[in-house]
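All values below come from the heavy atoms of this structure, side chains included, with hydrogens, waters and symmetry mates left out. Everything numeric here is computed off the predicted structure, so don't read it as measured data.
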There are 2 protein chains.
Amino acid sequence: MPQARPGLKDVAKRAGVGISSVSRVLSGHPDVSAGMRDRVMAAVTEIGYRPDIFARGLRGGPTMSVGLVIGDISNPLLSEISLGAEDALRRAGYSLLFVNSMNDPALEAQNILLFRDRHVDGLLLSLSAEDDADVLTALQTIEAPLVLIDRELDDPGEILRPSAVLCDHRGGMRAAISHLLDLGHRRIGCILGGHARFARMRRRGVEEAYAERGLPTGYSIVQGPLDAAHGQAATSRLLDMREQPTALVAGGNQLLKGCLRELRLRGLAVGTDLSLVSCDETDLTEMLDPPIAVVRRDTHQLGRTAAELLLRRIQDPDEGPVTSVQPTVFVPRPSCGPVREAAAT
Amino acid sequence: MPQARPGLKDVAKRAGVGISSVSRVLSGHPDVSAGMRDRVMAAVTEIGYRPDIFARGLRGGPTMSVGLVIGDISNPLLSEISLGAEDALRRAGYSLLFVNSMNDPALEAQNILLFRDRHVDGLLLSLSAEDDADVLTALQTIEAPLVLIDRELDDPGEILRPSAVLCDHRGGMRAAISHLLDLGHRRIGCILGGHARFARMRRRGVEEAYAERGLPTGYSIVQGPLDAAHGQAATSRLLDMREQPTALVAGGNQLLKGCLRELRLRGLAVGTDLSLVSCDETDLTEMLDPPIAVVRRDTHQLGRTAAELLLRRIQDPDEGPVTSVQPTVFVPRPSCGPVREAAAT
DNA sequence: ATGAAAGCGCTAACAT
DNA sequence: ATGTTAGCGCTTTCAT
């Protein structure tokens with residue numbers, strides 16, 4: 001007695017009909033009589049039939065899965081995005097396959113090919129680099145629709161046609177800098193990191209805020225990798241400048257961590273000795289004393305929107321690529337105070 | 001001209017050999033001549049052949065994928081575990097499929113079945129509940145080997161035979177409590193959460209530390225869900241006791257967050273008004289002022305070990321289930337100080 | 001409206 | 001040691 005998983009054949013036998021009729025019923029083909037549908041569905045539930053994904057995939061059918069290529073899931077920002085995406089996908093009957101790329105473009109390219117081999121129906125991309133040749137090459141081989149999450153490809157080309165969900169980092173940063181300028185700060189140190197869109201946009205936001213008021217370029221921007229080490233090094237460099245900044249802005253949660261380490265080392269008190277703004281809410285920004293002002297965005301929604309954009313294109317291949325922009329909000333907090341001359345060293 | 005993906009057939013034609021010879025070379029069959037191997041491999045690279053996972057899966061072969069069932073990836077603890085597991089799996093040529101369960105046992109059961117349908121070669125389980133009937137039922141239908149991550153099933157049964165990686169929460173907690181007792185604390189409030197092994201073990205650790213010194217039961221334990229809301233509520237309850245505790249222990253990072261909220265609300269200073277210990281290192285425990293003493297464990301290693309245990313059983317089906325126990329370390333920090341009489345309210 | 005039959009790309013049993 | 005062939009479970013012509 002074969003205790004094996006029941007197949008289409010078993011359902012057909014059970015219902016006393018042909019195999020292809022069962023297939024038609026299950027795939028919602030229009031040309032099926034009501035009686036046929038009932039008998040088949042009855043048999044299906046009776047013997048507990050479940051379609052075999054692999055047999056379907058072999059025929060080139062949909063796999064009901066979507067791949068997420070992401071730099072580092074242990075970054076709370078990215079994990080929340082993935083949560084939002086998964087939520088939307090599950091509702092639509094899709095599952096999210098997830099692979100971590102350790103922020104390594106080579107691995108990222110490899111993972112893209114891996115998803116291709118697994119016949120994912122679409123790809124969600126939060127790439128760690130926007131201009132890596134291997135990644136671009138790998139993406140060229142993907143036929144399924146693509147959605148970029150807060151990223152912009154250097155040259156999207158005519159082949160890729162990715163949709164995208166972007167965040168208004170520029171506006172958020174402009175608001176943050178304006179707030180600091182309102183408090184009297186003129187020398188602001190900005191710690192940015194990464195080679196992606198968000199760093200460029202934040203830089204522009206800083207520039208705009210000064211330009212808006214016709215103020216001379218009183219800011220300094222230190223760009224580097226998107227990690228805590230750079231956050232600390234950049235902070236140190238900024239605080240060693242002859243014209244020491246009276247306020248710092250950290251462009252991300254990892255950078256913030258490094259920045260805070262350096263401030264602690266130097267015994268500087270946030271909010272009084274020095275004002276501080278960070279980007280993206282985390283436990284730290286919320287729980288530290290004083291709480292840290294942040295440029296905030298809805299990460300869960302970001303992931304959900306990305307998934308929705310993707311689903312739309314999966315379900316209707318004629319849909320063209322779409323770009324959606326999500327707002328950011330500046331949340332002032334006691335980490336920002338009025339200027340005080342000569343912070344203690 | 002078919003621009004389609006090349007198949008075994010194309011390789012065979014190109015190399016001027018039979019299809020099965022190609023299959024044999026690729027699957028490392030012993031009965032192949034050196035010449036055959038060379039010609040086939042040459043053809044493979046020439047036309048860029050890549051095996052089709054679905055055709056393999058259809059034949060019941062390995063899919064080179066492992067599923068991870070996890071409650072909440074946005075918990076840094078779990079994301080680090082998944083990072084460690086993925087690392088080990090990738091080295092072995094496996095990829096990690098990951099599905100989030102929102103801490104909902106029903107979803108968890110559903111996800112287990114989903115992985116089964118995807119023919120994963122093994123399952124890594126960090127279940128949110130250890131005794132859910134649906135989850136147990138779902139697990140019964142899995143033929144692939146199972147590894148529990150810091151969990152213990154109520155009744156493992158003879159069918160499941162799961163391997164497991166456990167953590168010595170009991171020892172870590174005993175060390176933490178001993179440290180507090182050394183500092184003179186006698187009334188210690190413990191905030192525990194969740195229905196899994198770690199909560200039981202931590203409770204035992206507390207009991208043992210008091211018993212070891214022949215001290216009367218001076219602790220109070222407040223058990224509840226594993227989230228920030230319970231952390232805050234439990235803290236409030238403990239601080240409202242007639243015999244107010246002079247030290248608190250939070251059994252996890254979410255609980256800690258709630259606890260800190262309540263302490264801030266009451267204006268209590270950690271380390272002076274009240275001593276505080278938490279479980280598991282996070283940004284918060286490290287960056288707060290003063291830093292928070294923690295019972296620490298190597299989460300990356302935890303994930304890696306789980307993956308290794310799983311791989312061993314995947315690669316040799318005769319291997320029986322194994323349980324490995326990982327150490328925990330208590331890290332004393334300035335959040336713990338000597339007892340002070342009557343904390344300010 | 002329904003059933004029979006041909007593959008999808010691969011592996012394994014069988015032949016040589 | 002190598003080639004031939006029969007399926008794995010499904011979708012999709014193609015008949016009827």
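Checking B/R312, B/E308, B/R313 one by one against B/S163, the side-chain hydrogen bond (donor to acceptor under 3.5 Å, both in side chains) holds for a single residue, B/R313. The only option from A/L68, A/V69, A/I70 that meets the side chain to side chain contact (heavy atoms under 4.5 Å, CB included) definition with A/N100 turns out to be A/I70. Looking at B/I112, B/L160, B/I159 one by one, the single match for side chain to side chain contact (heavy atoms under 4.5 Å, CB included) with B/L136 turns out to be B/L160.
Atom-to-atom, CZ of A/F54 to C1' of D/dT11 comes out at 17 Å; the value is rounded to the nearest Å. Atom CG in A/L58 sits about 12 Å away from atom P in D/dC10, given to the nearest Å. Separating the CG atom of B/L26 from the C1' atom of D/dT2 is a distance of 16 Å, rounded to the nearest angstrom. If you measure from atom CG of B/L8 to atom C1' of D/dT4, you get 14 Å, rounded to the nearest angstrom. Atom C1' of nucleotide D/dC8 and atom NE2 of B/H119 are separated by 10 Å, given to the nearest angstrom. We find that CZ of B/R37 is positioned 14 Å from C1' of D/dT2, with the value rounded to whole Å.
Residue B/D52 is classed as a sugar-phosphate contact, given heavy-atom separations below 4.0 Å to backbone atoms only.
Where B/R59 and B/H29 meet DNA chain D, the nucleotide closest to each residue was compared, and B/H29 sits on the side nearer the 5' end. The nearest heavy atom of DNA chain D to B/M36 and to B/A55 marks one nucleotide each, and the one closer to the 5' end goes with B/M36.
Of the N and O atoms on the side chains of B/T63 and B/R56, not one donor lies less than 3.5 Å from an acceptor on the other residue. Judged purely by distance below 3.5 Å, without hydrogens or angles, the side chains of A/Q301 and A/T305 pair a donor atom with an acceptor atom.
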Let me see the working for A/R118 and B/S95 under side chain to side chain donor-acceptor pair (under 3.5 Å), right down to the final yes or no.
CA-CA 11 Å; A/R118 292 198 177 278; B/S95 51; 3.2 Å; yes
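Between A/S82 and A/I73 the shortest side-chain heavy-atom distance falls below 4.5 Å. You'll find the side chain of B/L123 reaches within 4.5 Å of the side chain of B/V120, heavy atoms only. Between B/R90 and A/L107, some side-chain heavy-atom pair lies under the 4.5 Å cut-off. Counting heavy atoms from C-beta on, the side chains of A/M36 and A/V40 come closer than 4.5 Å.
The C1' atoms of five pairs define one axis at each end of the helix from C/dA1-D/dT16 to C/dT16-D/dA1, and these two axes lie 50° apart (to 10°).
One N or O donor and one acceptor, one from the side chain of B/R24 and one from the base of D/dG3, sit under 3.5 Å apart.
For B/V165 against B/A306, the heavy-atom pair with the smallest separation is CG2-CA, 3.5 Å.
Listed by residue number, the members of residues 13-23 of chain B with any heavy atom below 4.0 angstrom from DNA chain D are B/V17, B/G18, B/S20, B/S21.
Reading DNA chain C from its 5' end, the first and the last nucleotide to sit under 4.0 Å from a heavy atom of chain A are C/dA1 to C/dG9.
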